[in-house]
Amino acid sequence: MAAPLLIIRENCTGIDAWLVEGRGKSQIVQALARVAYEDLEPVEEDQTLFDAGLASVVQAVDPAVKKDNTLQAMLLLPAGRFYFRNISLPFTSRSKIRQVLPLELNTRFPKELGPVVTDFFCYELETQQSNPLVFSGSIEEDILKSYHTSLMAAGLKPVAIAPGCLAMVASFLRQNKENKNFVFLDTDGCEMVLTLVAQANVVQVRTLSVDPSFQLPAQAIRQMLLGFWQRFGVTDTFHIYISGDFDESARKRMRNALADIFKFQSDYTGQDVSEPQLPEPMNGLAFVDLSQNLASITPDLAMLNMCRGKYGSESFIRAYPGYIISCCTLALLAFILFMVNIHMDISRLEKQIDQQNQAMTAIYKKAFPDKKIGNIDPLLLMQAGVGELTRGGSANAGSEEIDRVEAGNILLELSLCIPATVDVQVDRLTLDKERMLLSGSADNYNTIDQVKGFIEKSPFFKKVNIGSAVAGKDGNRVDFKFIIEI
């Protein structure tokens, strides 16, 4: 089941809040009590009216909803808090846009601002001159930080901080996908916001002061439509949809004020434009059902969300899954290439060693045709053979210093000294730079003396002493220990 979502909308007079539970057909929208700033008690110096109003909203939420986890909150702010811009850029890469957008916007703000937080979305209209467009919204970071801190202090988890007008438009588009071109008038009692939507994309947002006669929004709509037609060279027609809390008399005044908009469009475009059909009473498509619109608002709507970067509600992994997957993929490919390179190097070295061994084997067979090689290193066999011919059978005849003799050569020398017919078994060999301890067993004492004599004949070993020679535990063999000076 989807987690409950607390939708908070602030304006100059107070806070409205709704609790949305469930999703789809089982979704329930509960309107919480409106908090008017003028009804609040005086706040302390370190508090704001929003903090006090937010505390009242949280108290109105059922404790059972907040019991298990932190309640997710979506804050909808007045459009006047934001700076909206629509610009054209020669590329569509979001990373490039995010790099150049601050520079582009810096000269388009009406005044010099401090640090700002910006979100944007890209789109492209099907017009005669089709260029990539970017619609952006910016809010001063100090203002965003204040709201974000207040939500966190109230025990809420902010998942979205967005312009309320764009959230309403995005929700309306989700419910009415067949409506592509329209002007959406949203009012919260403090300001009126006109949003021009063309081909299901937000093109322009304009904020107006409240006008009871509704002549000001009618004039602004004409200007917006005329500017759009002239800029893009199209003659698309637009319906008008209105969201807000109006009584029937206000709706009639608004309908009378905006009636000429449809004739204005027909005269300019040459197309027949009529007001959307309105069933009686006046609560049809022209006037949007506020509760139904709220029920479709979710943080994943295509709107400007200022919960980005350090103000984001998601973990790093969930916030940047694409970048993480790309980095992991590149790292895996680099590791695979590295291992393939290592394997190729090892194979090349093994091939070179095999070639050298084959060459040495051929030389050995040519020099000593009457001897077998078996599994012994041909280099050691070559050294042993040359030693037998030059220095009385020593495999290490050319070694003048023990530091330069490998342990394998010493073992080879011992194996050459002791005939295969002698019944002797070596159990342990300890080697250092000057001497070697050799332990094992033989069939009798005479064999031990014979082995001692065989080793003494090698010029590689200076002196051989019998450290011990005792009968074994089983009584069938004699255990011995030789102390051999090298």
Got [X] and [Y] here, is their nearest side-chain heavy-atom distance under 4.5 Å?
{"X": "Tyr147", "Y": "Pro158", "result": "no"}
{"X": "Met306", "Y": "Leu77", "result": "no"}
{"X": "Ser243", "Y": "Asp186", "result": "yes"}
{"X": "Tyr37", "Y": "Thr13", "result": "no"}
{"X": "Phe121", "Y": "Leu304", "result": "yes"}
{"X": "Cys307", "Y": "Val159", "result": "no"}
{"X": "Thr48", "Y": "Val43", "result": "no"}
{"X": "Arg251", "Y": "Arg255", "result": "no"}

Answer yes or no: does atom [atom1] of [X] have more than 12 heavy-atom neighbours from other residues, nucleotides or ligands under 6.0 Å?
{"X": "Asp142", "atom1": "CG", "answer": "no"}
{"X": "Glu178", "atom1": "CD", "answer": "yes"}
{"X": "Gln352", "atom1": "CD", "answer": "yes"}

**OP:** For residues Leu105 and Ser136, report the shortest heavy-atom separation together with the two atoms involved.
**Re:** CD2-OG, 3.6 Å
**OP:** Answer yes if the side chains of Arg85 and Thr118 hold a donor-acceptor pair under 3.5 Å, and no otherwise.
**Re:**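 Note: Arg85 and Thr118 side chains miss the donor-acceptor criterion.
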**OP:** Please determine, by modelled atom types, if Tyr123 and Gln199 share a side-chain donor-acceptor pair under 3.5 angstrom.
**Re:**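 No, no side-chain donor-acceptor contact under 3.5 Å.
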Subject >> side chain to side chain donor-acceptor pair (under 3.5 Å) partners of Asp345, counting only residues at least two apart >> reply: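 Per chain and number, Asp345 pairs via side chain to side chain donor-acceptor pair (under 3.5 Å) with Arg348.
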**OP:** Can you sort out the partners of Thr187 under side chain to side chain donor-acceptor pair (under 3.5 Å), two or more places apart, ordered by chain and number?
**Re:**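 Partners of Thr187 by the side chain to side chain donor-acceptor pair (under 3.5 Å) criterion come out as none, since no residue qualifies.
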Original post:
So, is the end of the Arg94 side chain (NZ or CZ) under 6.0 Å from the ring centre of Phe120 and within 45° of the ring's axis?
Top reply: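 Checked: cation-pi criterion met.
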Original post:
Is a salt bridge present between Lys310 and Glu141, judged by a nitrogen-to-oxygen distance below 4.0 Å?
Top reply: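 Looking at Glu141 together with Lys310, the answer is yes, because their closest N to O distance falls below 4.0 Å.
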